[in-house]
Number of protein chains: 2
Amino acid sequence: MQFDRNALAAATALCALAAQPAMADEGMWTFDGFPAEQVREQYGWAPDQAWLDTVRNSAVRLTGGCSASFVSPNGLILTNHHCIASCLFDNSSDAKDYLAEGFTAQRREDELTCPGQQAEVVTSIADVTGDVMGAIGSLSGEALTKARDAKIAELEKAGCPDTEATRCQVVTLFGGGQYKLYTYRKYSDVRLAWAPEDRAATFGGDPDNFNFPRYSLDASFLRAYENGQPVATPDHLQWNPRAPEEGEITFVVGNPGSTSRLWTDSQLAFEREVRLPVTVATMSELRGRLIRAMEESDQKDREGRDLLGGVENSLKVYIGRTKALNDPGFTEKLAAAQDDLREKSAGNAEIGDPWTTVDEAMNAYRALYYPLRFTQPSGDLYGYAQTLVFAAQERGKPNAERLPGYTDSALPLTEKRLLDERPIYPWLDELTMGWSLSKAREYLGVDDPDSQLLLGKESPEQLAERLVGGTSLADPEVRKALWEGGIEAVEASDDPMIQYALRLVERQRELKALSDAQYSGPLAAAGAKLADARFAAYGESLYPDATFTLRISYGQVKGWTERGNEVPIRTTMGGTFERATGNAPFDVASAFAANEAKIDKNTTYDFVTTNDIIGGNSGSPVIDKAGTVIGAAFDGNIHSLGGNYGYDGTLNRTVVVSTAAVQEALETIYPASALVEELAER
Amino acid sequence: MQFDRNALAAATALCALAAQPAMADEGMWTFDGFPAEQVREQYGWAPDQAWLDTVRNSAVRLTGGCSASFVSPNGLILTNHHCIASCLFDNSSDAKDYLAEGFTAQRREDELTCPGQQAEVVTSIADVTGDVMGAIGSLSGEALTKARDAKIAELEKAGCPDTEATRCQVVTLFGGGQYKLYTYRKYSDVRLAWAPEDRAATFGGDPDNFNFPRYSLDASFLRAYENGQPVATPDHLQWNPRAPEEGEITFVVGNPGSTSRLWTDSQLAFEREVRLPVTVATMSELRGRLIRAMEESDQKDREGRDLLGGVENSLKVYIGRTKALNDPGFTEKLAAAQDDLREKSAGNAEIGDPWTTVDEAMNAYRALYYPLRFTQPSGDLYGYAQTLVFAAQERGKPNAERLPGYTDSALPLTEKRLLDERPIYPWLDELTMGWSLSKAREYLGVDDPDSQLLLGKESPEQLAERLVGGTSLADPEVRKALWEGGIEAVEASDDPMIQYALRLVERQRELKALSDAQYSGPLAAAGAKLADARFAAYGESLYPDATFTLRISYGQVKGWTERGNEVPIRTTMGGTFERATGNAPFDVASAFAANEAKIDKNTTYDFVTTNDIIGGNSGSPVIDKAGTVIGAAFDGNIHSLGGNYGYDGTLNRTVVVSTAAVQEALETIYPASALVEELAER
């Protein structure tokens, strides 16, 4: 699954650097930098501005970390099943397991509210590079990040006075080479209209994840609401339930979360030597704890499923990235690209030596990384507490002095995520919090002051049990009272989780300041220089690293060669029954089994294209020359996991669930005649 | 803990290469190559031959993977607690938890039999390099390994006609540069005389493992028996319960399991890029599954403890090695050593280019590694089945044609390990087998033929449940009948685990043959050339990589500097009470708490020396100039984890439990007056 729940965190924490000239089909292009000439040269045709505008206005970002698109005039949104699995999960109970059973709203008023979810459509993009650079001036270190963040807070606030209906975000592109103000129309009431059974979407489970041939109905429909009514969306993509043709040009429009395509050597070395090893080791243990815990009862099996799915998906991504960065053939190419840029920049006094700045920043970061990582325990309840404590402290400051997540422009979504009602399973919070605290002690060491701050005399398990057992933060009313009560209420609270968050907050701020001074600040300064170097060396037609903002990629329907064997472009729905073993996760979804005779087995199920995507792109519409939607991207193949660092058009593939398959499901397997009619509207 | 349950497997699977000139205190020296002059130069004194002979005759190898020493004339053996934890564990039941409670035999006849354990003392070492090299001649690939193994089987059989009391082993040193025939006096009846509570030995648990300062009573006593009587051991070390002095010379005599000190670049790259990542990721998941399973009941907590301890210990080793190989300062030194040898060997036609041979072998091994690793499922019951199947097939062949574990010289220990009665916990076998099969599918891929051979249409969990639930191999009588029934009995068996082992055996043999042809054979040939290169470049006074054979290391009692702070040489028993938090694993053992007032808190507890050791050395006597034993080595500090690849005398330390502390425990905490008397005998 392309959805990476860490994509956003990664995009924030790691400063992406600028790109080099793109290979055929490579690139996650901004709409204001679409390489029309390049596309026309390769495919003999390129979209015009009207085509691009319609597509852009139809593209939806989901704040849960996915992409989507409007596909009817009535706010109907196509996305992946795995992008809304949390919504099914949060609406489920022991009595009703929507995730397992799927969901079809018989009437619009039955559509299910999705906690924490918000849909956003870009309405304008303005270049604010001059404003931000002017504020930064010749500052460095923490002063640089403070001045930058203050200017960003100011621009965002000024850009979106209507915080009910709009959201402004200044996006850093090319690692600090450009700053752009994105304005979004936002819809904070998002509901679920249709989703198949979990097994239909996850047939093959973790073993088949990131693989192809694939047999997955990873699709669902949401609907955007405002004032209790479906939103009118005259700009939308036309639904086109046809099979793809080999070689036809395809466009993927969505929000790739984060890439690291042109990191310098020392950034890649940090990834390979520090971040990936600790991430894979600790998450693997969490996976093991969860797998076993879920075997303890049917209830735990249900309650843990969403988290385990996310953990296994992320792990597969990180293990794939580890393999890529340990593949000498792959890393040689990355090094050669670095060398080329250095050579072309040699002697350019304006550029100087940003590489050494990056090296020094990464060295400093190595010393800060474990403390930064491990002084933020895991768990939803702790997360609520931390947000309440930071928000209470930050909201007392002027907008320009607040931390990024707590500025006026950011607060509405922070508040929504905090206050939306959703189920909390204490055993799961205890498990994740206990695990993260025990890993903190393991990696920081027993005698480390941060370990002692985190644990005191308690054991990780004991502390997690006491905090999770004693807190009332699972109750949204309690969170609301603390949110509204502000700093006085938070500091006076005897909730042990709030008290624990208060115990950690000063150290967390201190570490952030150190990181700004020694890492983020220098990287931002170096990033601007490296961007200049790239533009000087390769011209302006470059695409920036992904930042969970709207991009368009072009490519074609095409298979690839795997160990000498041709992988075909598509699977058929009938293939599911051939691949099935009867045992999970290769068991056929019950509605598939029940309707086997009725299903048109020749229907194209999933297919592959050469489009260049990454986590965050999940749910992106796959659009044909005519501008109609023929599928929803839901995955990459196994080779695409190295795509975080570099694209290889001979191997990297986007995996798409076809509109043809979704149509077949809507008509035959999970019938939804109202949706069929709505999608057919012109 | 220095005991690495994979040390032996690693030593077999990976061909160790030869050494370079040793730094001060560096080296795991063979007794026939002890660098007396070097020691005299550094310390102004060196042991003479009589000293060395006594020490060698007192040194014991434990086939469980540890070292030890005779410390009385009556077969009394000093080793670590963690080396006999399995014995306590195997003797425990729901009614009696020896591991938690510790054990003191009130009378000799109460001493507890240790399943699978055998004590061995080297009685002679003969150079058989000429014989083996003669057999190899100019052969290569699989023909080389076959000819070599046939000659080894022949030499071992001829050297030890009395298989009841002796064991012969040909050891490959310097990666194929030397072959030596070790003859051992063996004692296959080993019993436990004394062990403290688990918490006394493992105070601080996994968090403190490989750390210092340390507060661990990681000591115990075994006794060797023959014909039901304690063995007379006139050659033994004198017990000396005194505190160590800073700077005094110390010797560690034991059996380091395996090192990789002078692997070539491509061997280290394979380790860093392939073996360590997959090992850490998969074992971390096993750790997580186990941790959670053990929380399900007190019984599971007890039954899983031994395995979890081993897994966590190994993981800490592998994570430490990962950090070492990802530390540029460390790897630069390794690369420089490689470069130096290459330069010194340049133009030597006799040596040629073994480096390229190794590179090619490692490339071939990369393709074979996952199949080799994952077609051997985990679990004690599967292990029994695999041994029975291989033994049945191999025993029908002439001695010289059998696989190494099944030659006449190896069969007695194989048989003992198979037939010794010990408890099997089906849930634990199901857990480990299900885990390993699911990892096989993950790493090989669902559609890989080996995955399909392993699983068929079953899921990993289902298959593990069916096999573990259906097998009778937990019963030693059933194993005995199949062992004695030979190939007919095995092939006729309807035991599902036996049938499963039969299903895998041909593929396992095929993979071994491929590995011999493409990896082991070429490496053995290159190893001999690389050894020649080292001897030519640096002279003959080198130590070979560790091979779980007897070595002696010299060093001194000495602290080190950690981030600017001096780490003192010792801890005191009183320090335990200061470090205790009251919460596991920092809770004081109950007998410590009960006797706190009586314990002499100034007693030296654990101390550190510069001796160069590694996993397998656990339990080794630490011997002073006078030849008396002043401690048992039980661990290295965290820096020593990189010691697998290279020794750094400024940082690497051996961690020792002092005889003074053991004496205090025998007198005051876990009283054993008979042992106190026996140890005092002269």
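Labels below follow one simple rule: chain letters A, B, ... track the order of the sequence lines, proteins then strands, and each chain is numbered from 1.
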Discussion item. Quick one, Arg579(A) with Asp447(B), criterion salt bridge (charged side-chain N to carboxylate O under 4.0 Å, His left out). Give me CA distance, side-chain angles, the key distance, then yes/no.
Written reply: CA-CA 10 Å; Arg579(A) 189 165 180 75; Asp447(B) 298 316; 2.8 Å; yes
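- With a threshold of 4.5 angstrom between heavy atoms, Leu325(A) does not approach chain B through any atom at all.
- Only the side chain of Ile319(A) comes within less than 4.5 Å of a heavy atom of chain B; its backbone N, CA, C and O stay farther away.
- Chain A forms more heavy-atom pairs under 4.5 Å with one residue of Gly445(B), Gly582(B), Ala281(B) than with any other, namely Ala281(B).
- For Leu290(B), no part lies near chain A; criterion is any non-hydrogen pair under 4.5 Å.
- Ring planes of Phe374(A) and Tyr443(A): parallel class, angle under 30° (limits at 30 and 60°).
- Considering Asp606(B), Asp635(B), Asp208(B) in turn, Asp635(B) is the only one that fulfils the salt bridge (charged side-chain N to carboxylate O under 4.0 Å, His left out) rule with Arg214(B).
- Proximity to chain A (any heavy atom under 4.5 Å) is restricted, for Pro277(B), to the side chain, taken from C-beta onward.
- No part of Lys316(A) comes within reach of chain B, as not one of its non-hydrogen atoms sits under 4.5 angstrom from that chain.
- Under the 4.5 Å side-chain criterion, counting only non-hydrogen atoms from C-beta, Arg321(B) is in contact with Leu276(B).
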Fill in: Stepwise salt bridge (charged side-chain N to carboxylate O under 4.0 Å, His left out) check, Arg373(A) with Asp450(A)
CA-CA 11 Å; Arg373(A) 180 183 180 113; Asp450(A) 285 323; over 6 Å; no
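- Contact of Arg366(A) with chain B is made through the side chain alone, with heavy-atom distances under 4.5 Å.
- Using a 4.5 Å heavy-atom threshold, the side chains of Arg289(B) and Ser438(B) count as touching.
- Taking a cutoff of 4.0 Å between a charged side-chain nitrogen and a carboxylate oxygen, Lys333(B) and Asp327(B) do not qualify as a salt bridge.
- Ala269(A) does not touch chain B: none of its heavy atoms, backbone or side chain, sits under 4.5 Å away.
- With respect to chain B, the highest number of heavy-atom pairs below 4.5 Å among Glu296(A), Glu442(A), Gln462(A), Glu461(A) belongs to Glu296(A).
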